[in-house]
Every structure is written in C-alpha cells, then in structure tokens.
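Have a look at the structure below before the remarks.
If you're wondering where the values come from, they're calculated on a predicted model, not measured in any experiment. Atoms within a ligand are numbered from 1 in the order they appear, just like the ligands themselves. Below, each value reflects all heavy atoms present in this structure, side chains not excepted, and no hydrogens, waters or symmetry copies.
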Amino acid sequence: MADREQIPFDVLFVGGGPANLAGAIHLMNLAKNKGINLEVALIEKSADLGSHALSGAVMNPIALKELLPGYKAQGCPIETDVRGDAFYFLTNHSAHALPFVPRHMRNEGFHIVSLSRFVRWLAGIAQDLGVNIFPGFAGTEVLFDRYGKTVVGVRTGDKGLDKDGRPKGNFEAGIDIMAKVTVFGEGAKGSLLRGLATKLDIYSGRIPQTFETGIKEVVQLPENGFFADSNFNDIHTLGYPLGMGAHGGGFIYEMKDNRISIGLVIGLAYRDPTTDLYKEFIKFKRHPFVSRILSGGRVVEQGARALGNGGYYAVPKLAVNGAVLVGAAASMLNAPALKGIHTSMKSGMLAAEAIVEALTKGDFAEKSLGVYQNLLEASWLKAELYLGRNFGQAVSRKMPARLIHLAAQHLTGGRGISERLAVRRDCDTLDPIGRNELQILPTRDTPGDFDGVLFLDKLTGVYLSRTQHREDQPCHLVIHDEDLCVNECYQKFRNPCTRFCPGNVYEMEVDAQTNKRRIKLNPSNCLHCKTCEIKDPYENITWNCPEGGGGPKYTVM
Ligand SMILES: Cc1cc2nc3c(=O)[nH]c(=O)nc-3n(C[C@H](O)[C@H](O)[C@H](O)COP(=O)(O)OP(=O)(O)OC[C@H]3O[C@@H](n4cnc5c(N)ncnc54)[C@H](O)[C@@H]3O)c2cc1C
C-alpha cells in the first residue's frame with residue numbers, strides 16, 4: 001500500500017449502477033437533513049456512467065418514488081409507460097397467448113426505461129448533491145486492515161501496463177481509495193466480492209447463486225411499427241427456442257421514437273454443452289411471431305449481461321466490518337418478475353440509512369452496519385424477494401420437475417413443495433457431450449445467416465455494443481490451466497466457452513506448425529457479461545476488471 005496515493009473518503013461506492021446511485025443520493029439527502037458533512041466517492045469501471053448499464057427494462061417505480069418523489073418533473077428519462085402486458089408460449093412455428101399473465105409479470109403502469117439513460121440521469125443528480133463520481137476507475141482489489149478483518153477501501157487498477165504487466169510511458173498507478181464504509185454495488189458476479197469472500201465469510205449458510213445471461217438489442221422500427229396501434233407494449237415469451245432443456249424466455253418492450261428493446265434471457269443451469277447462447281437469441285428473433293414484430297427494423301445497439309436469479313436464500317451477508325453489499329451483487333433480483341432495478345435501488349437506500357446511523361455513532365463494525373439487514377427484513381423489499389425465494393432453484397431443475405415446483409410455488413406464496421430448495425451451481429450442470437454430437441458441433445456462423453442489419457453475427461454485435469479495450473494491456477481473463485481446455489474440456493464438453501460467450505472471446509484453434517489445439521482469446525471483444533466465469537465447467541476462467549474505461553459503450557441499453 002505504501003507507494004500508492006491514498007485518498008480518504010467517508011463513504012466509497014464501488015459501481016455506478018442503480019443500486020449505488022440510489023444509495024449515494026439517499027445518503028447525501030439523509031446526511032444533509034442531519035447536518036452531517038460527508039465526503040463521498042463513487043467509482044465506475046466504464047468510461048462514462050451508464051456505458052455498462054444493460055437491462056430490459058420495465059421498471060417498477062416504487063423505489064424511485066421514495067427516492068425522488070418529483071422524478072418526472074426532474075426529467076427522469078422514461079421511454080414510455082406499460083399500457084398492457086402480453087404473454088406468449090412459442091412453439092417452433094406459432095405463438096399462443098396465455099389466457100392470463102402470471103402475477104409477477106403484470107406491469108401495467110410501470111415505466112419502460114433504458115438503464116443506460118436512467119443511470120446517467122441518476123448520476124447527474126448524485127453529482128449535484130456533492131458525490132464525487134470517478135468514471136473510468138475499476139476497483140481491482142479490496143483493501144483490508146492489517147488483521148484482514150475490516151474493509152478499509154478499494155484499490156483501483158493500474159493504467160498503462162503492457163501485455164506483460166510492465167509499465168509503459170503513460171503508466172498511472174492505481175489509487176487506494178480509503179473509506180470508513182465501502183459499498184459494493186458491482187452488479188451480478190462482482191469481481192471484488194471474490195476477494196472479499198476469501199477473507200470474510202459472506203456466503204456460508206446460503207444457497208449458491210445461480211445466473212441467467214441476457215442478450216439484448218435495441219431495434220429501430222419503421223414509422224408506425226408494431227406497437228403503434230397495440231393496446232399492449234410489454235411482451236414476454238416462453239418456449240421456443242429454449243424448449244425443455246434450458247429455462248428462460250424472451251422480452252420485447254416498446255421504446256420511444258419507434259424503437260423496441262428485444263432480448264432473450266437464458267438460464268445458465270442448462271445441460272447441453274453445445275448450447276450457443278447467441279445462436280439461441282438469433283433463433284428467437286427469427287421465430288415468425290417475433291420476426292413479424294421486427295419487420296423492416298435495424299439493430300441500433302447490442303449487448304449482453306448476466307443476472308443472478310438465486311433470490312432471497314442466496315443473499316450473502318449484507319454487512320461486514322467497514323462494508324456493505326447492495327443490488328445485484330447482493331442477490332437483490334425479483335427473479336420471477338425479471339426485475340432488479342427497483343429492488344437494487346431500495347437495497348442501496350436501506351444501506352444508506354444504516355450508514356448514516358453508523359456515521360452518527362462513529363461505529364463501522366459489522367454489528368453497527370448490520371442495521372441494514374434489519375431494515376431490509378422490515379421492508380417491502382424483503383416481502384418481495386421472499387415471494388420468489390424458491391424460484392431460481394425451481395427453474396434450474398429439469399422438466400417436468402421445473403413445472404411442478406413452479407406450480408406449487410404459485411399456489412403456496414413461494415414456498416412450493418419444500419422450503420429452501422437446494423440447487424446446483426451453474427458450472428456443475430453440463431452433461432458430457434454425446435457421441436453423436438461430436439461431429440455436428442456448430443462452431444462457426446454459417447455464411448448467409450446474417451444480413452448485417454437486423455440479423456448480426458457475433459462480431460457485428462460486438463461492434464454495435466461499441467466495445468473497445470486498449471489492446472496492449474494484460475489479459476483480464478485468466479485461464480488457469482490451458483491444458484485442461486485443450487485436453488479434458490475438449491474431450492468432455494468440446495469447449496463450451498466458445499459457445500456460451502456472446503462476444504466470441506474464446507476460440508479453439510489448431511496451430512498450423514505444431515498441429516496442436518490451443519485456446520485463443522480475444523479479450524478486446526469482452527462485453528463484461530461474466531458468463532465465462534459462471535458457466536465454465538472447471539471454474540478454469542477468472543474474470544478480472546480490465547483497465548478502467550474499457551468495455552462496452554452502451555447509450556440506449
Ligand atoms: C437482460 C436483462 C434484462 C433485465 N430486465 C429487467 C427489467 O425489465 N426490469 C428490471 O427491473 N430489472 C431488469 N434486469 C435486472 C436489472 O438490470 C439489475 O438487477 C440491476 O441493473 C442491478 O443493479 P445494480 O446497480 O446492482 O448493478 P448493475 O446495474 O449491474 O451496475 C453495476 C455497475 O458497477 C460497475 N462495476 C462492476 N464492477 C466494478 C468494479 N470492480 N469497479 C468499478 N465499477 C464496477 C459496472 O460497470 C456497472 O456499471 C434485467 C437484467 C438483464 C441483464
């Protein structure tokens with residue numbers, strides 16, 4: 001720690017998503033009311049706030065109303081409001097409207113937003129309240145006191161290292177941002193939480209977190225596109241292309257200016273190692289029902305992100321000495337509803353309330369910050385998460401057990417057949433590749449599949465996410481044992497990383513000279529979705545934050 005610049009703050013927020021921004025805004029307002037002067041910092045790994053924000057997104061405004069009651073007058077960027085919901089089951093060629101919309105999916109009156117725009121707007125408000133926002137700074141290491149028991153801040157990543165980790169001419173050493181309280185709001189599968197968990201016991205007694213990966217596009221439709229005359233503008237689908245093998249579903253939401261948000265969310269508990277997440281998304285778009293909606297459209301932006309659907313029983317310890325966990329990093333997703341914006345915001349706000357109390361007492365130990373857990377237990381957030389407490393485990397199961405569990409949960413207020421259902425980690429669910437599949441693995445896109453306008457290959461998709469990383473930097477993806485990839489993983493699963501990564505980061509190639517297989521990485525394509533660290537069957541991949549400022553540059557996601 002000695003050589004690095006240290007900057008002290010009262011509170012440090014790591015991650016500029018809705019959880020932390022709502023937390024920071026609430027904290028500043030509460031502190032002002034109590035006459036407390038605070039120095040607050042927020043770091044975000046993307047170049048601008050909102051550039052790494054990707055969501056659906058239908059937003060339940062309940063938390064926003066509590067945070068900023070005058071949000072509409074304050075210019076909150078709402079695309080449109082939900083006029084009505086529709087839910088379809090897709091077979092291979094047709095779509096069947098369900099006779100009722102499941103209760104979690106009833107969104108009428110909620111707002112449809114672009115999370116990138118929403119986050120940018122929240123960041124402006126936080127900044128006006130005095131929060132010091134530092135975009136382009138990735139937290140790469142949790143700093144502990146000398147006993148390793150208390151979080152004292154976060155180290156940001158060095159900038160200007162070459163591929164081998166040697167400083168170049170423009171080298172800037174990372175900074176140690178010290179804080180009385182650090183708020184971890186990194187979103188799903190936060191990389192700093194890995195370091196936190198090695199020292200402090202935040203996961204024991206919880207079920208493992210399970211995940212889904214969503215691939216999403218914003219599509220520009222012609223004038224008077226599909227939703228113009230429709231009394232619903234919020235569509236969810238089940239069934240095709242996922243069938244029985246994987247859970248998940250599609251969403252299509254109206255945006256303003258004749259745009260739509262379209263995405264497919266795929267549960268990472270899938271078993272078939274030949275599953276190619278991106279190809280599933282393209283199949284979804286090609287379904288006759290969906291392609292009719294997309295007709296004449298052009299993709300404006302594309303991206304992907306994992307979300308944690310583990311729910312209430314996967315919520316980690318929310319407070320440790322010197323730190324709290326909020327938002328998706330703390331499993332705050334209402335998984336049955338596919339909604340985590342309002343729940344994440346609320347968790348940030350409850351954490352802020354606990355932090356203000358801790359600041360007044362001058363006590364930042366686990367017990368003092370643990371007030372946050374009590375506040376959560378007494379709030380609507382707990383009630384909402386609790387209703388879906390066994391959902392993630394149920395959908396991870398095979399058919400027909402999945403359906404039976406879901407039906408039982410529907411009838412019993414979330415309890416289902418047995419309380420606190422067990423679940424396997426997503427990295428443990430793949431079946432070995434079948435003998436017959438060895439020959440037919442689709443490793444490459446077929447020419448002619450894509451038109452570059454509405455149907456994009458992976459690389460054009462990456463291009464439309466505006467993803468860029470400085471090329472000459474240490475690879476942020478660590479493969480711990482390459483022999484495992486080329487031998488065992490190849491034999492048993494045919495390298496599923498080449499198919500679950502939506503950005504074509506992982507390729508298996510044969511060296512022309514030695515004729516040996518080797519894994520080739522394209523880290524510059526990385527969309528920061530984190531699917532690789534979650535799904536790799538050997539846990540052989542670690543995702544670290546690349547140099548701050550790199551990654552996607554979403555504008556309307
Ligand atoms: C495809 C998809 C569809 C969804 N649809 C909906 C929907 O319709 N409605 C809804 O309510 N929710 C939806 N969600 C869920 C919702 O988007 C998330 O639950 C919510 O964004 C979580 O907020 P967060 O602030 O906790 O994390 P995030 O929004 O993930 O934000 C975390 C931020 O932290 C930054 N960060 C991470 N690590 C670091 C680090 N080490 N240093 C610095 N910065 C860091 C990231 O770049 C990011 O900007 C959807 C999610 C997905 C993926």
For [atom], the protein heavy atom that lies nearest, with its residue and separation:
| atom | answer |
| --- | --- |
| atom 53 (C) of ligand 1 | Leu307 CD2, 3.3 Å |
| atom 37 (C) of ligand 1 | Glu186 O, 3.2 Å |
| atom 29 (O) of ligand 1 | Pro18 CD, 3.4 Å |
| atom 43 (C) of ligand 1 | Lys45 N, 3.3 Å |
| atom 16 (C) of ligand 1 | Ser55 OG, 3.6 Å |

Are any of the side-chain nitrogens in Lys346 or Glu66 under 4.0 Å away from the carboxylate oxygens of its partner?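 So Lys346 pairs with Glu66 through a salt bridge.
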Answer yes when Lys159 and Glu547 have at least one side-chain N-carboxylate O distance shorter than 4.0 Å, and no when they do not.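 Salt bridge flag = no for Glu547 with Lys159.
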Checking the N or O distance criterion of under 3.5 Å, is ligand 1 in contact with Gly340?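 Yes, since at least one N or O of Gly340 sits under 3.5 Å from an N or O of ligand 1.
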Going by heavy-atom distance to [atom], choose the closest among [options].
| atom | options | value |
| --- | --- | --- |
| atom 30 (O) of ligand 1 | Ala304, Cys545, Gly187 | Gly187 |
| atom 22 (C) of ligand 1 | Ala19, Gly348, Ser344, Gly548 | Ser344 |
| atom 31 (O) of ligand 1 | Gly17, Gly139, Ala335, Ala53 | Gly17 |

Decide whether the shortest distance between a heavy atom of [X] and an atom of ligand 1 is less than 4.0 Å.
| X | answer |
| --- | --- |
| Gly190 | no |
| Met59 | no |
| Gly263 | no |

Show which atoms of ligand 1 fall inside a sub-4.0 Å distance from at least one heavy-atom site of [X].
| X | result |
| --- | --- |
| Ala328 | 22 (C), 26 (O) |
| Lys339 | 9 (N), 10 (C), 11 (O), 12 (N) |
| Phe137 | 43 (C) |
| Leu333 | 15 (C), 19 (O) |
| Val58 | 7 (C), 8 (O), 9 (N), 10 (C), 11 (O) |
| Leu338 | 5 (N), 6 (C), 7 (C), 8 (O), 9 (N), 10 (C), 12 (N), 13 (C) |

Using 30° and 60° as the class limits, which term best fits the ring planes of His342 and Trp380: parallel, tilted or perpendicular?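 Rings of His342 and Trp380: parallel, as their planes differ by under 30°.
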Under 3.5 Å, side-chain donor or acceptor atoms of residues 322-337 against the rest of the protein: list the pairs with distances, not counting sequence neighbours.
residue : atom : partner : partner atom : Å
Ser331  : OG   : Gln209  : NE2          : 3.0
Ser331  : OG   : Gly311  : N            : 3.2
Ser331  : OG   : Gly311  : O            : 2.9
Asn334  : OD1  : Ala337  : N            : 3.3
Asn334  : ND2  : Glu384  : OE2          : 2.8

Considering only distance and modelled atom types, tabulate donor-acceptor pairs under 3.5 Å from the side chains of residues 528-535, sequence neighbours left out.
residue : atom : partner : partner atom : Å
His528  : ND1  : Lys45   : NZ           : 3.0
His528  : NE2  : His469  : NE2          : 3.0
Lys530  : NZ   : Lys189  : O            : 3.3
Thr531  : OG1  : Thr213  : OG1          : 2.8
Glu533  : OE1  : Arg194  : NH1          : 2.7
Glu533  : OE1  : Trp543  : N            : 2.6
Glu533  : OE2  : Arg194  : NH1          : 3.1
Lys535  : NZ   : Leu268  : O            : 2.7
Lys535  : NZ   : Tyr270  : O            : 2.9
Lys535  : NZ   : Asp426  : O            : 2.9
Lys535  : NZ   : Thr429  : OG1          : 2.7

His111-Tyr71 aromatic ring centre distance below 6.0 Å: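 Ring-ring flag for His111/Tyr71: true, centres closer than 6.0 Å.
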Tell me the closest heavy-atom pair linking Leu192 and Gly139, and the distance in Å.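 So the two residues come closest at CD2-O, 3.5 Å.
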Tell me the contacting part of Thr343 for ligand 1: side chain, backbone, both, or neither, using a 4.0 Å heavy-atom threshold, strictly below.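 Under 4.0 Å from ligand 1, Thr343 contributes no heavy atoms.
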